[in-house]
Amino acid sequence: MNEVKIFCPASVANVSCGFDILGFCLDKIGDEMIIRKTSKPGINITKIVGENLPYESKKNVAGVSGISLLNELSTDFGFEIEIYKGIKSGSGIGSSAASSAGAVFGINELLGKPFSRKELIKFAMKGEELASGSIHADNVAPVLMGGFTLVRDINSLDIISLPFPKKLFASIIHPEIELKTSDSRSVLKQKVPLKKAIQQSANIASLISGLYTEDYKLISRSLIDVLVEPYRSDLIPAFNDLKKTSSNNGSLGTGISGSGPSVFALSKGEKTAKSVTSEMGKVLVPLNLKFHSYTSKINSTGIKLISSR
Ligand code: ADP
């Protein structure tokens, strides 16, 4: 095998009460990448379509993640990468994670799979570190492993795949504004009151329980973020209206996707999710703001091979 074409899905991190530790993988929304073996050692990014991103390997998350993998193995050949962006960079639905995971997944396939999907997270996190300035796996873990993932500890790669009810669907609204991860990190408080920490722990614990037991009502009661959303929501246009509309149309809960500006909602059933997506979109129309909207099932497979030769 000398060349692979892969689909690199978008993802939602944080999921309200799971700041920096919880994420899930989206379906159909994503990038494509072509990765091929070359005689020239190292990583060469030869094509980027759809976004204006750096070609220099050390400045592109795909290059950084790929180099981190190659540092662990010695090969006398290298890899060429083509990136076809379907996810806008800085959207909050894991644009950088799609490329970081894509590079290491593709290279691993071409090397005969020396690493498991979980082991690849270690290398993909290096790309995330370049994109956001902090090392985290809450996007790359669901992209590589599929479904919902819980990151207990990044150093020991203690990452757990969670079950989820099959009728769970996501709505995504991506308002086209620029919101830098560094800005949305800077509004966060470094110290939190004990009472709020207890509330947040209770919600994340009960959300996980709701996912295991397929208890939609418990999932709904648990999708509350008392630590981050109160500070970040001001950065997102009409966030409170979006949340109210989503709830009025039957969603289980609504929150900020990653560090924003995208907003996600979870619903029981595709029909409800589609109406939540469309009604949330209507909230942004009077603001004269361009936006993208998607309804997606939870992608249980994660990143995948489209073709190889
Ligand atoms: P998102 O949540 O959508 O991933 P981030 O702010 O975390 O957004 O990451 C986007 C940042 O990563 C931008 O500064 C972008 O220039 C940088 N970047 C580098 N390479 C890539 C890539 N291949 N895909 C997306 N973003 C990249």
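Numbering of ligands and ligand atoms starts at 1, following listing order. Index from 1, following the sequence.
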Suppose I only count heavy atoms of Gly94 and a 4.0 Å limit; which atoms of ligand 1 are within that range? 2 (O), 3 (O), 4 (O)
Check the orientation of Phe264 and Phe24. Use parallel for under 30°, tilted for 30 to 60°, and perpendicular for over 60°. perpendicular
What's the shortest distance from atom 27 (C) of ligand 1 to any protein heavy atom, and which residue and atom give it? Leu53 CD2, 3.7 Å
Would atom 24 (N) of ligand 1 count as contacted, meaning some protein heavy atom under 4.0 Å? yes
Can you find an N/O atom of Ser132 closer than 3.5 Å to an N/O atom of ligand 1? no
Which value, rounded to the nearest 0.5 Å, describes the distance between Ser293 atom OG and Met280 atom CE? 8.5 Å
Is the closest heavy-atom distance from Ser91 to ligand 1 below 4.0 Å? yes
Among Ala10, Ser96, Gly260, Cys8, closest by heavy atom to atom 7 (O) of ligand 1 is Ser96
Between Tyr294 and His292, what is the ring plane arrangement, given parallel below 30°, perpendicular above 60°, and tilted in between? parallel
Considering only heavy atoms from C-beta outward, does the side chain of Asn14 approach that of Asp225 to under 4.5 Å? no
Linking I/L/V/M/F/W/Y whenever any side-chain heavy atoms sit under 4.5 Å apart, do Leu22 and Ile298 land together? yes
Compare Ser262, Gly102, Gly92 and give the one whose heavy atom is closest to atom 2 (O) of ligand 1. Gly92
Separation between CG of Leu211 and CG of Leu150, rounded to the nearest 0.5 Å: 10.0 Å
May I ask you to check whether Phe123 and Phe115 place their ring centers less than 6.0 Å from one another? yes
For atom 11 (C) of ligand 1, find the nearest protein heavy atom and state the residue, atom name and distance (0.1 Å precision). Ala131 CB, 4.0 Å
Please report which non-hydrogen protein atom sits nearest to atom 20 (N) of ligand 1, along with the residue it belongs to and the distance in Å to one decimal place. Val61 N, 3.1 Å
For atom 6 (O) of ligand 1, which protein heavy atom lies nearest, and how many Å away is it? Thr181 OG1, 2.7 Å
I'd like to check whether Asn60 has a polar contact with ligand 1, where a contact means an N/O of the residue lying under 3.5 Å from an N/O of the ligand. yes
Applying side-chain contact (heavy atoms from CB on, under 4.5 Å) between Leu110 and each of Thr75, Ile35, Asn2, report the one that passes. Ile35
Is any NZ, NE, NH1 or NH2 atom of the basic residue among Lys85 and Glu51 found under 4.0 Å from an Asp or Glu carboxylate oxygen of the other? no
Does the pair Asp20/Arg185 count as a salt bridge with the N-to-O cut at 4.0 Å? yes
Short list, please: which atoms of ligand 1 are under 4.0 Å from a heavy atom of Lys59? 19 (C)
Distance to 0.1 Å, residue and atom name: give those for the protein heavy atom nearest to atom 1 (P) of ligand 1. Ser95 N, 3.6 Å
Polar contacts were defined as any N/O atom of the residue lying under 3.5 Å from an N/O atom of the ligand; does this apply to Pro54 and ligand 1? no
Under-4.0 Å salt bridge between Lys297 and Glu270: no
Using heavy atoms and a threshold below 4.0 Å, how should the contact between Lys85 and ligand 1 be classified: side chain, backbone, both, or neither? side chain
Nearest to atom 13 (C) of ligand 1, what protein heavy atom do you find, and at what distance? Ser89 OG, 3.6 Å
Nearest 0.5 angstrom please: Ile93 CD1 to Ile87 CD1, how far? 5.5 Å
Can you tell me if Glu128 contacts ligand 1 (heavy atom of the residue under 4.0 Å from the ligand)? no
Any non-hydrogen protein atom less than 4.0 Å away from atom 17 (C) of ligand 1: no
Can you confirm, on distance only, whether ligand 1 has an N/O atom lying under 3.5 Å from any N/O atom belonging to Gly90? yes
